[in-house]
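All remarks here apply to the structure that follows.
A, B, ... follow the sequence lines: proteins, then strands. Residue 1 opens every chain.
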Amino acid sequence: MRIAVMLSSLIPLQLPSRMQTHLWYILPNEVKSESLLKHYSELLSQPEKDHVFRMQSDDLKKKNALLARTLVRTTVARYQTNNNTVVDPRSLKFKKNVYGKPEVDWDVHDPKLQFNISHTDSLIACGVTANVPVGIDVEDKTRKMRHDVLSLAKRFYSSEEVKFLSSIADTEAQREEFIKLWTLKEAYVKASGKGFSASPFNTFSITRSDAGSYSLCGKAEGWKFMLLDLAASSHYAAICIGGEDKDEEGMNVIVHRTIPFVEDELISDWKLL
Amino acid sequence: MASMATASTSLQARPRQMATAVRCFSQGSRNNLSFTLRQLPTRLSVSCAAKPETVDKVCEVVKKQLSLKAGDEVTAATKFAALGADSLDTVEIVMGLEEAFDIEMAEDKAQNIATVEEAAELIEEILKEKA
């Protein structure tokens, strides 16, 4: 699709409610226009441009790195308005927290919006919350590991999780459960903002209740999880948000597929796993 | 051929040698080809504490895990992020390195390695402590 007309400006968005996550995703295959990609690259900071163009040889990886930064900048910008106009995505500054988690570097202290990003070769996602920390992780459902799933689990997962995976007879089902757990664990580590080394995967367990909800074993400390089946069932998406143990409200999510400056599509056919 | 390519891109100061065919002549029904070895000037190196063999082995594990194409370069200076390795790839690379070198890598140290060189240096540190 050629962009022959002026790109529309970004449409402003309302912040999510407290237990709500807004999940925005791009399917790189849908973004083919060179002029659109050029427009995106103009939104990036110099260090971001350097990072994108330093990606080795692989054009797909370069494009995805570009789309990931574009998604973050345009999405965060849409939740920030100055008299009803969205702020310029180029004006946003980002920093990393002491553990390396990317955050917005606000000029004026505005801790309300929190975001987290994750991507695979075929899907780039950004989760947004207000007032609570958020972590997301997406994974291609068909991803194969080079190592045996149980060996990986024994090396990196908790003993309860190894027990659970070992009890699955079918190797394909076992691989799927491994990936689901991976996304949930990754989402938790990213939500907590302390990184892999502060929360090694074998120090916590995530289990699924009979009712079908995922939670942390032991002291849940308010962390909540959702696992979705996304994008024509091609991906798992795990969302973890912070909260309080006494929260009675469950978490919910609103999902959109987007092409920044071009279109948003509200997605209703995602499945809760 | 592959090892020549590695030698030219690695950040190591070590003597390089090149075999040059110096003469090719015919004598009756026989052809003779003789070779001399000559020293090439050593390249200036950025210091990398790890041995080239360790670096090469790390590169092999990384290439295998990420299914890199023949043209993709992995050298001591290569950053894992630039190769597009995600966290699951990183974890599999760690496991691949542990198997290749018969070692165990602590979570926190493994997480901090950003380049092939750093992985190789950490591995040698572990091997030294093991010995």
Side-chain angles (χ1 to χ4, degrees), chain A residues 50-65 68 99-100 117-121 123-124 135 137-140 143-157 175 178-183 185-190 194-203 236, chain B residues 5-6 9 57-119 122-123 125-126:
Chain A
D50 291 342
H51 172 78
V52 166
F53 294 105
R54 242 189 282 128
M55 307 242 38
Q56 279 202 27
S57 64
D58 200 327
D59 283 336
L60 178 66
K61 296 212 146 78
K62 279 199 179 75
K63 179 180 164 188
N64 287 4
Y99 302 101
I117 192 149
S118 173
H119 52 93
T120 67
D121 285 344
L123 188 143
I124 298 165
D137 192 56
V138 295
E139 203 53 74
D140 182 327
R143 184 181 185 142
K144 301 279 188 298
M145 274 65 68
R146 297 229 177 272
H147 293 87
D148 165 65
V149 160
L150 275 184
S151 310
L152 276 170
K154 285 179 183 148
R155 172 66 182 81
F156 293 104
Y157 285 16
R175 185 195 63 81
F178 176 90
I179 304 264
K180 287 180 187 173
L181 271 177
W182 179 274
T183 58
K185 290 168 85 71
E186 220 7 44
Y188 167 64
V189 166
K190 292 172 81 181
K194 298 213 193 91
F196 217 64
S197 39
S199 338
F201 270 19
N202 61 7
T203 60
Y236 293 124
Chain B
T6 313
T9 56
K57 212 160 153 184
V58 172
C59 290
E60 281 316 302
V61 169
V62 170
K63 280 189 207 167
K64 208 167 120 192
Q65 175 60 35
L66 302 179
S67 307
L68 297 178
K69 300 180 276 274
D72 291 329
E73 222 181 54
V74 183
T75 66
T78 302
K79 288 193 175 166
F80 293 116
L83 293 173
D86 65 12
S87 49
L88 184 46
D89 286 317
T90 305
V91 144
E92 289 221 78
I93 288 171
V94 166
M95 204 149 145
L97 293 174
E98 290 182 333
E99 287 165 353
F101 292 94
D102 189 28
I103 52 170
E104 273 176 33
M105 292 170 91
E107 250 26 85
D108 55 342
K109 293 233 172 77
Q111 270 310 293
N112 285 325
I113 55 183
T115 64
V116 166
E117 184 175 313
E118 284 170 21
L122 175 60
I123 288 164
E125 201 184 293
I126 297 170

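A/R146 places a side-chain N or O within donor-acceptor distance of the main-chain N or O of B/K64, the cut-off being under 3.5 Å. B/E92 places a side-chain N or O within 3.5 Å of a backbone atom of A/H147 that can act as its donor or acceptor partner.
Neither the backbone nor the side chain of A/S118 comes within less than 4.5 Å of any heavy atom in chain B. When heavy atoms are compared at a cutoff of 4.5 Å, B/E104 does not approach chain A at all.
Residues forming a salt bridge (charged side-chain N to carboxylate O under 4.0 Å, His left out) with A/E139 (at least two apart in sequence, or on another chain): A/R143.
In this structure, the side chains of B/V91 and A/W182 come closer than 4.5 Å at one or more pairs of heavy atoms.
Atom CZ of residue A/R155 and atom CE of residue B/M105 lie 9.0 Å apart, to the nearest 0.5 angstrom. If you take CG on B/L88 and CG on A/L152, they are separated by 7.0 Å, rounding to the nearest 0.5 Å.
Counting non-hydrogen atoms of other residues, nucleotides and ligands closer than 6.0 Å to NZ of A/K63 gives a total above 12.
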